[in-house]
Amino acid sequence: MARKSKVLYVCSNCGASHTTWAGKCSQCGEWNTLQEQIAISSSSIKESGKKLETVSLSALQAAKPASRLNTGMAEVDNVLGGGVVPGSVILLAGQPGIGKSTLVLQLANTISRE
């Protein structure tokens with residue numbers, strides 16, 4: 001369910017709540033006692049979707065290994081577990097100047113030739 005948050009300022013002395021901060025509580029008259037609190041209220045939006053059900057591991061069938069695309073660079077294929085899985089995203093990270101862009105350009109060149 002979607003939730004909406006609202007900020008309230010509650011007096012630590014008397015417990016009165018205020019919608020805006022003030023230096024003095026309007027109920028008990030104490031100074032600097034208002035503390036910010038977030039009130040969460042539920043909205044009228046109804047949840048939709050499918051209820052999740054548990055499945056035992058023995059009931060699952062072994063997944064068929066995904067077909068992989070060879071990059072044409074043996075070491076890259078080795079690091080990726082046999083090639084690039086179609087529809088996947090690969091994060092290539094490293095320090096500046098280490099050759100990430102050069103590697104991606106070489107991969108794009110090799111793959112485009114096939």
Side-chain angles (χ1 to χ4, degrees):
M1 200 181 281
R3 301 212 185 262
K4 197 174 188 181
S5 62
K6 182 173 136 180
V7 177
L8 288 177
Y9 298 92
V10 180
C11 178
S12 61
N13 188 41
C14 69
S17 61
H18 306 276
T19 56
T20 59
W21 187 87
K24 183 178 178 182
C25 176
S26 62
Q27 298 287 19
C28 65
E30 290 292 321
W31 287 93
N32 295 324
T33 57
L34 297 183
Q35 297 176 349
E36 181 178 329
Q37 292 185 354
I38 297 178
I40 299 175
S41 62
S42 59
S43 68
S44 62
I45 299 174
K46 294 184 180 180
E47 290 184 29
S48 63
K50 188 170 101 175
K51 184 178 179 182
L52 297 177
E53 297 178 8
T54 58
V55 178
S56 67
L57 291 176
S58 60
L60 294 176
Q61 296 178 359
K64 192 166 106 176
S67 60
R68 295 178 180 258
L69 304 171
N70 290 329
T71 61
M73 301 173 83
E75 288 300 317
V76 173
D77 288 339
N78 187 26
V79 169
L80 296 176
V84 178
V85 176
S88 67
V89 175
I90 300 168
L91 176 64
L92 185 62
Q95 296 176 344
I98 205 165
K100 300 177 293 290
S101 298
T102 305
L103 179 62
V104 171
L105 287 171
Q106 287 177 344
L107 281 170
N109 183 32
T110 310
I111 291 173
S112 69
R113 289 182 183 173
E114 295 177 8

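If you read the sequence from its start, that first residue is 1, and numbering goes on from there.
Taking the side chain as every heavy atom from C-beta outward, L103 and V76 approach each other to under 4.5 Å. Counting heavy atoms from C-beta outward, L8 and H18 have side chains that stay 4.5 Å or more apart.
Of all non-hydrogen atoms in T71 and I111, the two that sit nearest each other are O-CG1, 4.0 Å. The two residues L34 and T20 come nearest to each other via the heavy atoms CD1-O, 4.4 Å. Of all heavy-atom pairs spanning R68 and L80, the tightest one is NH1-O, 2.8 Å. Of all heavy-atom pairs spanning A93 and K100, the tightest one is C-CD, 3.7 Å. Residues L69 and P86 approach most closely at CG-CG, 4.2 Å, considering heavy atoms. The nearest pair of heavy atoms linking Q27 to C14 is CB-SG, 3.9 Å.
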Inset, instruction - Please step through side-chain hydrogen bond (donor to acceptor under 3.5 Å, both in side chains) for the pair T33 and N13, ending with a clear verdict. - result: CA-CA 6 Å; T33 57; N13 188 41; over 6 Å; no
Inset, instruction - Would you sort out whether Q106 and M73 count as a side chain to side chain contact (heavy atoms under 4.5 Å, CB included), showing the intermediate values? - result: CA-CA 9 Å; Q106 287 177 344; M73 301 173 83; 3.7 Å; yes
Inset, instruction - Please report the C-alpha distance between V10 and Q35 in whole Å, then the side-chain angles of each, then the deciding distance to 0.1 Å, and finally whether the side chain to side chain contact (heavy atoms under 4.5 Å, CB included) criterion is met. - result: CA-CA 5 Å; V10 180; Q35 297 176 349; 5.8 Å; no
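Distance SG/C11 to NZ/K24: 12.0 Å, rounded to 0.5 Å. Separating the OG atom in S88 from the CG atom in L91 is a distance of 12.0 Å, to the nearest 0.5 Å.
One hydrophobic cluster, built from ILVMFWY side chains closer than 4.5 Å, holds both V104 and V84.
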